[in-house]
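None of the values given here were measured: they were computed from a predicted structure. In what follows, chains carry the letters A, B, and so on, assigned in the order in which the sequence lines appear, proteins first and then strands, with residues in each chain numbered from 1.
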Amino acid sequence: MTGRVRIKRLLEQGLVGTEVTVAGWARSVRGGKGVAFIALNDGSSLNGIQVVVDAALPRFEEIARLGTGSSLAVTGILTASPAAGQRFELAALSVTIYQNASPDYPLQKKRHSFEYLRTIAHLRPRTNTFGALFRVRSFLAQAVHRFFAQRGFLYVQTPIITANDCEGAGELFRVTTLDPVSPPLVKGKADFSADFFGVPTGLTVSGQLEGELFALAFSDIYTFGPTFRAENSNTPRHAAEFWMIEPEMAFADLAADAALAEEFLRYLCCQLLEECPEELEFFNRQVDTGLIERIRTVAETKFQLMEYGDAIRELQKATVPFVYPVAWGVDLQTEHERYLTEQVVNGPLFVINYPKEIKAFYMRQNDDGRTVAAMDLLVPKVGELIGGSQREERLELLERRMAEMGIATEGLWWYLDSRRWGSCPHAGFGLGFERLIIYLTGMENIRDVIPFPRTPRHAEF
RNA sequence: UCCCCAUUAGCUCAGUCGGUAGAGCAGGUGACUGUUAAUCACCUUGUCCGUGGUUCGAGUCCGCGAUGGGGAGCCA
């Protein structure tokens, strides 16, 4: 529509006395004899605008009885509101009804459970919570790109379809064009040489290995794209399709990696506090009362750093009982991570230098012969938010480690090549975008921070 | 995948000791109103998740299944 102004802008400008046109969806319609009020929202901000319709207007009876969710455009004069509750309101000169929503509109003028809203994910963006959430999500995505752009990082789009099946980062979704009922067979098994790519392929579980190749050409790079895991995980923190941010820096060690992660998180916190105060206040009020305080703390306090060995000692002297026993060499369980980040430091915590047996093959082996230069960033509520490492850049050590861990080298010849010519120290990390949003909004379920969540048995919408 | 909990009106939920189902909101009608998830009065709405069993009788007890949620594992 020509001349339409977004409600956010209209409220910010506050040009009382001017004639404007807005369009949106009615959140609430209160009709009377002499005047009707419409709370109109177009998604541009948490607050809508109150439209005041005088009974003298044509079709007043119809307008006053519009159902919640109706779509309309209103041309009117912006005026200072005489009543409490809003600074401005729109005195309607004309109202165009696109569609009067019928009374069975599933979103009522009341609080709904997140579980119910998940079943109407096609409509939930029209609610206050999901409106605020997806504005924050969009803002954070743009802030991610801004952060890396300002620091000269190259944005690389790594492939979504991959033939790497040996990264050990989770089960692959199979990508194939073979007939599922009767695929071509060789010795009783599907003949993938007849498949589209001529080899078994799947959806990527990580862009890291390809990201490393670009880091060894452009120095500093990052990826930000969809990631897929076919794990049968049923938790509030796991989805089969999620978005991951993976920076990779050449000529960098673990300390530089951790420094980048900290600077990155702090940047996002500051940006959010500065640019999305309305949304943050809403979440702080409705979802998680400690939210703003927590984000401020992250933005201002230096992150703690702890050696894996010290973490183990810290856990061993803890007075709380753990279900899983603690000893050097075991991986930290969720209960351990939460104790460390919530009880010991009460804030973000890097745990670094893990035993090599519990970490991936590509992580750089430390001089002690038993640990690798890995880091996990643990945060209260969420647990592991970031996982990263300095990569093993020494060809012989990498090959030996792959052999020890039973990783086939054939499919990864190109990865090994990167260690053959011009190899150098490099490091990077992966950050789950949805987990970041959970952390920065106080929402508790990953299914409520992604538009249309994909989890076991759920691919609707 | 394992463990625990839940499933009752369109939504949110109550339902006592096993005796045949209720509230608020939504919706309808009317009144009233510069209102704020408006208010007031009256009214409508049920496969009590499904299935089998125990019982004179099951929303309620037991078995099996489905779905949802939480915890765990896997991980971001």
Is the shortest side-chain N/O distance from N234(A) to OP1 or OP2 of rG68(B) below 4.0 Å? no
Quick check on rA72(B): is either OP1 or OP2 less than 4.0 Å from any side-chain nitrogen or oxygen of R338(A)? no
For rU35(B), the Watson-Crick or wobble counterpart (both distances under 3.5 Å): none
What interatomic distance, in whole Å, is found between C1' of rC3(B) and the corresponding atom of rC13(B)? 27 Å
Salt bridge K302(A)-E262(A), side-chain N to carboxylate O under 4.0 Å: yes
Please tell me if the side chains of W243(A) and T227(A) come closer than 4.5 Å, counting only heavy atoms from C-beta onward. no
Respond yes when some side-chain nitrogen or oxygen of T68(A) is under 4.0 Å from OP1 or OP2 of rA26(B), and no when none is. no
When the P atoms of rC75(B) and rA6(B) are considered, how many whole Å apart are they? 32 Å
Using the C1' atom as the point on both nucleotides, what is the distance between rU12(B) and rU20(B), in whole Å? 25 Å
Does the structure show a Watson-Crick or G-U wobble partner for rC13(B), both distances under 3.5 Å? Name it, or say none. rG22(B)
Is the base of rC74(B) touched by the side chain of S233(A) through a donor-acceptor pair closer than 3.5 angstrom? yes
Rounding to the closest angstrom, what is the interatomic distance between rC32(B) and rG50(B) at atom C1'? 48 Å
Residue whose nearest RNA chain B nucleotide is more 5′ - S28(A) or P456(A): S28(A)
How would you label the contact of L385(A) with the nucleic acid (heavy atoms, under 4.0 Å): base, sugar-phosphate, or nothing? sugar-phosphate
Can you figure out which of rG73(B), rG34(B), rU35(B) approaches the side chain of R30(A) most closely? rU35(B)
On RNA chain B, nearest-nucleotide positions of A83(A) versus R447(A): which is more 5'? A83(A)
Scan A239(A) against the nucleic acid and name what it touches under 4.0 Å (heavy atoms): base, sugar-phosphate only, or nothing. base
Contact under 4.0 Å: K109(A) side-chain N or O vs rA38(B) OP1/OP2: yes
With both distances kept under 3.5 Å, what pairs with rA72(B), Watson-Crick or G-U wobble? rU1(B)
Any base atoms under 4.0 Å from Y324(A), or only sugar-phosphate, or nothing? Heavy atoms, all strands. sugar-phosphate
Which part of the nucleic acid, if any, lies within reach of P236(A) when heavy atoms closer than 4.0 Å are counted: base, sugar-phosphate only, or nothing? sugar-phosphate
Out of R364(A), M249(A), R391(A), which residue meets the side-chain contact (heavy atoms from CB on, under 4.5 Å) rule with H426(A)? R391(A)
Strictly below 4.0 Å, N to O, side chains only: are R285(A) and E281(A) in salt-bridge contact? no
Using a heavy-atom cut-off of 4.0 Å across all strands, would you classify Y116(A) as base, sugar-phosphate, or nothing? sugar-phosphate
For rG19(B) versus rG65(B), give the span between their C1' atoms, rounded off to a whole number of Å. 29 Å
Under 4.0 Å from OP1 or OP2 of rC75(B): is there any side-chain N or O of R229(A) that close? no
D42(A)/R9(A) salt bridge by N-O under 4.0 Å criterion: no
Is H112(A) side chain donor-acceptor paired with the rC11(B) base, going by distance under 3.5 Å alone? no
Which is true for R27(A) with a 4.0 Å heavy-atom rule: it touches a base, it touches only sugar-phosphate, or it touches nothing? nothing
Picking from rU67(B), rC74(B), rU36(B), which would you name as closest to the side chain of Q50(A)? rU36(B)
Taking only the side-chain nitrogens and oxygens of R65(A), find out if one of them lies under 4.0 Å from OP1 or OP2 of rU29(B). yes
Cationic N near anionic O, under 4.0 Å, K8(A) to E12(A): yes
rG10(B) versus rG52(B) - spacing of their C1' atoms, nearest Å: 31 Å
Give a yes/no on whether any side-chain N or O of R237(A) is located under 4.0 angstrom from OP1 or OP2 of rA72(B). yes
Could one point to a donor on the side chain of Q86(A) or the base of rU35(B) with an acceptor on the other under 3.5 Å away? yes
Any side-chain N or O of R457(A) below 4.0 angstrom from OP1/OP2 of rA66(B)? no
At under 4.0 Å between heavy atoms, what does N232(A) touch on the DNA or RNA strands: base, sugar-phosphate, or nothing? base
How is I120(A) classified with respect to the nucleic acid when contacts are heavy atoms under 4.0 Å: base, sugar-phosphate, or nothing? nothing
Can you tell me how far C1' in rA58(B) sits from the matching atom in rU51(B), rounded to whole Å? 14 Å
SB check R401(A) E392(A) (cutoff 4.0 Å): no
Counting only Watson-Crick pairs (N1-N3 plus N6-O4 or O6-N4) and G-U wobbles (N1-O2, O6-N3), all under 3.5 Å, who is the partner of rC61(B)? rG53(B)
Any strand counts, and the cut-off is 3.5 Å on both contacts for Watson-Crick or G-U wobble. Which nucleotide pairs with rA6(B)? rU67(B)
Ion pair present between D448(A) and R118(A), side-chain N to carboxylate O less than 4.0 angstrom? yes
Decide yes or no, distance alone: a donor-acceptor N/O pair under 3.5 angstrom between the base of rG10(B) and the side-chain of Q108(A). yes
From C-beta outward on R435(A), which listed nucleotide comes closest to its side chain: rU1(B), rG69(B), rC75(B)? rC75(B)
How is A36(A) classified with respect to the nucleic acid when contacts are heavy atoms under 4.0 Å: base, sugar-phosphate, or nothing? nothing
Kindly point out which of rA72(B), rG27(B), rU35(B) is positioned nearest to the side chain of T235(A)? rA72(B)
Would you call E434(A) and R237(A) a salt bridge, using N to O less than 4.0 angstrom? no
Please measure how far the P atom in rA9(B) lies from the corresponding atom in rA21(B), and state the result in whole Å. 15 Å
Could you say whether the aromatic ring of F433(A) and the base of rA76(B) stack, counting only centre distances under 5.5 Å and plane angles under 30°? no
Report the base-pairing partner of rG46(B) (Watson-Crick or G-U wobble, both distances below 3.5 angstrom), or none. none
